[in-house]
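All values below were derived from every heavy atom in this structure, side-chain atoms included, with hydrogens, water molecules and symmetry-related copies excluded.
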Amino acid sequence: MSVEKIKQGLVRHRHRIIEVFKYALGCGCGVLLKVAVTALATAMALPIWAGYLAAQVVVLVFAYGFHSRVTFARTEKLTWRARLHDFGLFFMSVLGFKLADYFLVVLGSSALLKVLSHYEILTMELRQLLSSGCIIVVSVLLFAFRYIMYRYLFRKPESGAAC
């Protein structure tokens with residue numbers, strides 16, 4: 001494949017590349033927030049279910065702000081009532097993914113932590129590493145699933161363009 005063909009492909013798919021980059025950036029920031037809040041909760045000796053619930057709440061607010069500006073391109077000033085209405089719609093649209101994320105991370109982390117605590121090798125650093133690893137793996141899997149689902153199931157195909 002020549003460099004010229006690569007350039008043509010990049011130009012032709014520029015909008016899709018930018019779209020994936022924007023979503024990946026938002027997802028990456030969300031994952032960093034989840035890891036940071038969960039790390040803080042772990043340092044405070046909170047159980048994973050409580051720390052990750054706090055992380056989900058923080059990320060939900062961040063995601064609403066991110067998607068309002070970036071994905072939905074909302075630039076007009078909204079009243080508090082309209083903002084709460086939009087947040088309610090957003091919350092309902094992401095609830096299934098948030099629940100799947102929460103339960104996969106909490107159940108996966110809890111199972112791994114239980115196995116390691118049986119062998120008495122569980123340190124604070126290892127607890128955090130396991131929690132962070134579960135958060136990252138589940139987030140990447142759900143991001144890919146959500147992107148594919150939204151991209152190919154809920155979007156009208158562009159005129160004259162093949163998916």
Novice: Would you give the length of the straight line joining atom CG of L60 to atom CG of L33, rounded to the nearest 0.5 angstrom?
Specialist: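 Reported value, rounded in 0.5 Å steps: 12.0 Å.
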
Novice: Within the structure provided, determine whether V94 and Y64 are in side-chain contact (heavy-atom separation under 4.5 Å).
Specialist: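 Of all side-chain heavy-atom pairs linking Y64 with V94, none is under 4.5 Å.
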
Novice: Return yes if some donor-acceptor pair links the side-chain N/O of S93 with the main-chain N/O of F90 below 3.5 Å, else return no.
Specialist: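 Present.
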
Novice: Taking the side chain from Y102 and the backbone from W49, do they hold a donor-acceptor pair closer than 3.5 Å?
Specialist: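 Side chain of Y102 to backbone of W49, a donor-acceptor pair under 3.5 Å: yes, one is there.
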
Novice: If you round to the nearest 0.5 Å, how far is CG of L89 from CG of L84?
Specialist: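 Interatomic distance, L84 CG to L89 CG, rounded to 0.5 Å: 11.0 Å.
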
Novice: Determine the minimum heavy-atom distance between A100 and L142, stating which atoms define it.
Specialist: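 Shortest heavy-atom separation between A100 and L142 comes out as C-CD1, 4.4 Å.
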
Novice: So which atom in G108 and which in C134 form the shortest heavy-atom distance, rounded to 0.1 Å?
Specialist: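 Residues G108 and C134, closest heavy atoms: C-SG, 4.0 Å.
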
Novice: So do the side chains of C29 and F62 get within less than 4.5 Å of each other, counting heavy atoms only?
Specialist: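 C29 reaches F62 side chain to side chain.
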
Novice: Hey, any chance F87 and L99 share a hydrophobic cluster, counting ILVMFWY side chains that come within less than 4.5 Å of each other, even indirectly?
Specialist: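 Shared cluster, yes.
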
Novice: In the single-linkage hydrophobic clustering (I, L, V, M, F, W, Y; side-chain heavy atoms under 4.5 Å), do F145 and F103 co-cluster?
Specialist: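 Yes, because F145 and F103 connect within a single hydrophobic cluster, where side-chain heavy atoms sit under 4.5 Å apart.
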
Novice: Measure the shortest side-chain to side-chain distance between K34 and D101 over non-hydrogen atoms and say whether it is less than 4.5 angstrom.
Specialist: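 Yes, at least one pair of side-chain atoms sits under 4.5 Å.
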
Novice: Side-chain heavy atoms nearer than 4.5 Å, only ILVMFWY residues, links allowed to pass through others: does that put V137 and L116 together?
Specialist: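 No; L116 is not reachable from V137 via cluster members.
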
Novice: If hydrophobic clusters are built from ILVMFWY residues whose side chains come within less than 4.5 Å, do L113 and L129 share one?
Specialist: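 Cluster IDs for L113 and L129 match.
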
Novice: Check for a donor-acceptor pair, side chain of T38 on one end and backbone N or O of V35 on the other, with a separation under 3.5 Å.
Specialist: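 No.
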
Novice: Could you grab the distance from atom NZ of K5 to atom CD of Q8, nearest 0.5 Å is fine?
Specialist: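 One gets 8.0 Å once the value is rounded to the nearest 0.5 Å.
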
Novice: Tell me, do V59 and K98 make a side-chain contact under 4.5 Å, heavy atoms counted?
Specialist: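 A side-chain contact under 4.5 Å exists here.
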
Novice: What's the shortest heavy-atom distance between R127 and L46, and which atoms?
Specialist: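 Heavy-atom minimum between the residues: NH2-O, 3.5 Å.
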
Novice: Could you tell me the separation between the NE2 atom of H15 and the CD1 atom of I17, rounded to the nearest 0.5 Å?
Specialist: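 It comes to 10.5 Å.
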
Novice: About how many Å separate CZ of F91 and CG of L95, when rounded to the nearest 0.5 Å?
Specialist: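 Taking CG in L95 and CZ in F91, the distance rounds to 4.5 Å.
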
Novice: Counting only heavy atoms not in M92 (residues, nucleotides, ligands), do more than 12 fall under 6.0 Å from its CE?
Specialist: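 No - once you tally the heavy atoms of other residues, nucleotides and ligands closer than 6.0 Å, there are 12 at most.
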
Novice: So if you build clusters from Ile, Leu, Val, Met, Phe, Trp, Tyr with side-chain heavy-atom gaps below 4.5 Å, do L40 and V58 land together?
Specialist: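 Cluster IDs for L40 and V58 differ.
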
Novice: Please report the closest heavy-atom contact between I48 and S109, naming both atoms and the distance.
Specialist: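 Closest approach of I48 to S109, heavy atoms only: CG1-CB, 4.1 Å.
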
